[in-house]
A.B. asks: 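So that we are looking at the same thing, I have put the structure below in structure tokens.
Chain letters run A, B, ... following the sequence lines, proteins first and then strands; every chain starts at 1. Because the structure is predicted, anything quoted here is derived from the model rather than measured.
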Number of protein chains: 2
Amino acid sequence: MDKIKTENTETEILKAAKEIFQQKGMAGARMQEIADKAKINKALLHYYYRSKQLLFEAVFKSAFSLLAPQLNKVLNDDSDLFEKIRKFTENYVSFVIKHPYLPNFVIQELNKNPEFVQKLRSEKNFPSIEKFKLQVSDAINQGIIKPIEAEQLFINIISLNIFPFIGEPLLMALVNVDKESYNKILENRKTEVAEFIINSIKI
Amino acid sequence: MDKIKTENTETEILKAAKEIFQQKGMAGARMQEIADKAKINKALLHYYYRSKQLLFEAVFKSAFSLLAPQLNKVLNDDSDLFEKIRKFTENYVSFVIKHPYLPNFVIQELNKNPEFVQKLRSEKNFPSIEKFKLQVSDAINQGIIKPIEAEQLFINIISLNIFPFIGEPLLMALVNVDKESYNKILENRKTEVAEFIINSIKI
DNA sequence: ATATAGTTTAACTATTTGGTTAACAAAATT
DNA sequence: AATTTTGTTAACCAAATAGTTAAACTATAT
């Protein structure tokens with residue numbers, strides 16, 4: 001089947017490109033290396049994706065479309081605030097174990113290319129904070145949590161969950177543990193982080 | 001003066017190299033661009049630093065030696081735990097405003113080159129967590145704070161302080177504010193973050 | 001004044017790298 | 001069965017890029 005063969009090749013390329021781009025970034029990635037990993041000729045990369053830039057954009061969009069639903073779990077989920085924080089924290093660790101380089105990749109390339117954000121924003125499913133804001137102010141009015149700006153709380157949640165992965169090599173060195181122990185620490189954070197946040201805001 | 005002239009050129013190169021490497025990373029930086037920024041011929045870069053790799057290492061070490069004392073403020077300062085958290089948080093924001101690309105640069109290059117950590121570890125002034133551990137367990141024993149592992153608390157402090165800068169483009173988009181408003185949010189974090197942490201752990 | 005050591009440049013080289021071309025192979029279409 | 005379309009490759013090209021060389025220049029010491 002032609003269709004199947006094509007789809008396989010195209011998927012193979014995207015898979016290989018993801019690995020290389022996410023590990024080395026746009027600037028550090030080499031088309032030849034991607035071709036090798038996909039076990040095809042370099043010209044085929046250009047046949048399917050025209051240029052390094054376009055291949056990169058395909059990888060980037062695909063990465064972001066995996067990350068966005070994760071973020072939406074904090075922002076646009078209907079569950080109760082505390083429950084939401086607990087679920088997100090628990091899920092996020094599992095997510096990053098499946099896609100270890102992904103969050104770092106997205107953040108890194110956004111830093112080097114802040115105008116990308118505009119492109120992402122216009123797309124559907126781009127996470128919005130509005131609902132979360134309402135939920136936080138409701139919880140404050142109902143006396144469930146102490147006054148805090150929703151933006152600050154959101155940044156705290158995201159920071160506590162994402163940074164331990166992005167800063168892994170640095171944190172491992174500072175905390176002075178090996179990979180195995182660090183993984184245990186991360187595993188513990190599945191519950192630890194949520195309780196840390198809830199402790200801070202609950203009345 | 002010969003000496004002064006040499007030192008100026010060498011310093012000019014390092015200054016230019018810092019800017020370029022910290023913004024674009026090892027892979028994205030171009031020797032020509034560094035030479036242009038330092039207003040010298042490209043051959044002079046090699047005269048003073050032999051290779052891109054060596055120039056990069058000079059920049060990296062210099063960057064880390066600025067970051068290390070900041071981290072030591074949480075780890076090896078003598079002040080009281082709460083006071084320490086407040087001071088660190090306050091200082092860190094000012095530090096990053098002075099060196100916007102620095103923390104991201106260090107973390108990014110460590111991710112792409114985890115073996116760098118070994119080189120850094122052996123150097124003096126490499127931050128150690130031991131003192132902080134004692135301080136936390138003392139505070140727990142004295143009933144000042146709830147039980148928490150020092151490692152987890154440390155990771156939380158660092159995450160809450162560093163990530164808002166590293167994730168700036170992403171967070172700005174998610175929180176849906178412009179640069180000016182985001183800067184205000186960061187400014188507020190100077191006190192906000194410390195209180196968030198202390199609220200969570202104090203009894 | 002002159003030798004000497006250090007500094008700087010223009011021009012060059014070798015290699016890497018993204019991208020192209022032309023020929024070939026395999027399917028799909030007629 | 002013939003032809004068109006799609007997929008794949010080896011060989012090639014031009015631009016970019018790290019690094020080199022040799023000569024010129026500058027300042028200091030002799």
A.B. asks: With the side chain of A/K52 defined as its heavy atoms from C-beta on, choose the nearest nucleotide among C/dG18, D/dT20, D/dT8.
C.D. replies: C/dG18
A.B. asks: Identify which nucleotide among D/dA18, C/dT20, C/dT8 has an atom closest to any side-chain atom of B/K42, counting heavy atoms from C-beta outward.
C.D. replies: D/dA18
A.B. asks: Using distance alone, with no hydrogens and no angle criterion, decide if B/T11 and B/N8 have a side-chain donor and acceptor under 3.5 Å apart.
C.D. replies: no
A.B. asks: Have a look at A/A29 and say if it touches a base, only the backbone sugar-phosphate, or nothing, with a 4.0 Å heavy-atom cut-off.
C.D. replies: sugar-phosphate
A.B. asks: Report yes or no: do A/Q32 and A/D36 form a side-chain donor-acceptor pair below 3.5 Å?
C.D. replies: yes
A.B. asks: In whole Å, what is the span from the CG atom of B/N8 to the P atom of D/dT26?
C.D. replies: 17 Å
A.B. asks: In this structure, how many angstroms lie between the C1' atom of C/dA26 and the CG atom of A/L44, rounded?
C.D. replies: 13 Å
A.B. asks: Could you tell me the separation between the OH atom of B/Y47 and the P atom of C/dA5, rounded to a whole number of Å?
C.D. replies: 13 Å
A.B. asks: Return yes if a side-chain donor-acceptor contact under 3.5 Å exists between B/S94 and B/N91, otherwise no.
C.D. replies: no
A.B. asks: Measure from CD on B/E33 to C1' on D/dT17 and round the result to the nearest Å.
C.D. replies: 13 Å
A.B. asks: From CD1 of A/I40 over to C1' of C/dA26, roughly how many Å is that when rounded to an integer?
C.D. replies: 17 Å
A.B. asks: Of the candidate nucleotides D/dA18, C/dG18, D/dA10, which contains the atom at the shortest distance from the side chain of A/A43?
C.D. replies: D/dA10
A.B. asks: Measure CG/B/N41 against C1'/D/dA22 and give the value in whole Å, please.
C.D. replies: 13 Å
A.B. asks: The side chain of B/R30 lies closest to which of these nucleotides: D/dT17, C/dT8, C/dG19?
C.D. replies: D/dT17
A.B. asks: Could you check which of D/dT6, D/dT9, C/dT8 has an atom nearest any side-chain atom of B/T9?
C.D. replies: C/dT8
A.B. asks: Step through it carefully: locate the ring centre of A/Y92, locate the ring centre of A/F88, and say whether they are under 6.0 Å apart.
C.D. replies: yes
A.B. asks: Rounded to whole Å, how long is the line connecting atom CG of B/L54 with atom P of D/dA18?
C.D. replies: 14 Å
A.B. asks: How close or far is atom P of C/dG19 from atom NE2 of A/H46, stated in whole angstroms?
C.D. replies: 4 Å
A.B. asks: How about NZ on B/K24, more than 12 heavy atoms from neighbouring residues, nucleotides or ligands closer than 6.0 Å, or not?
C.D. replies: no
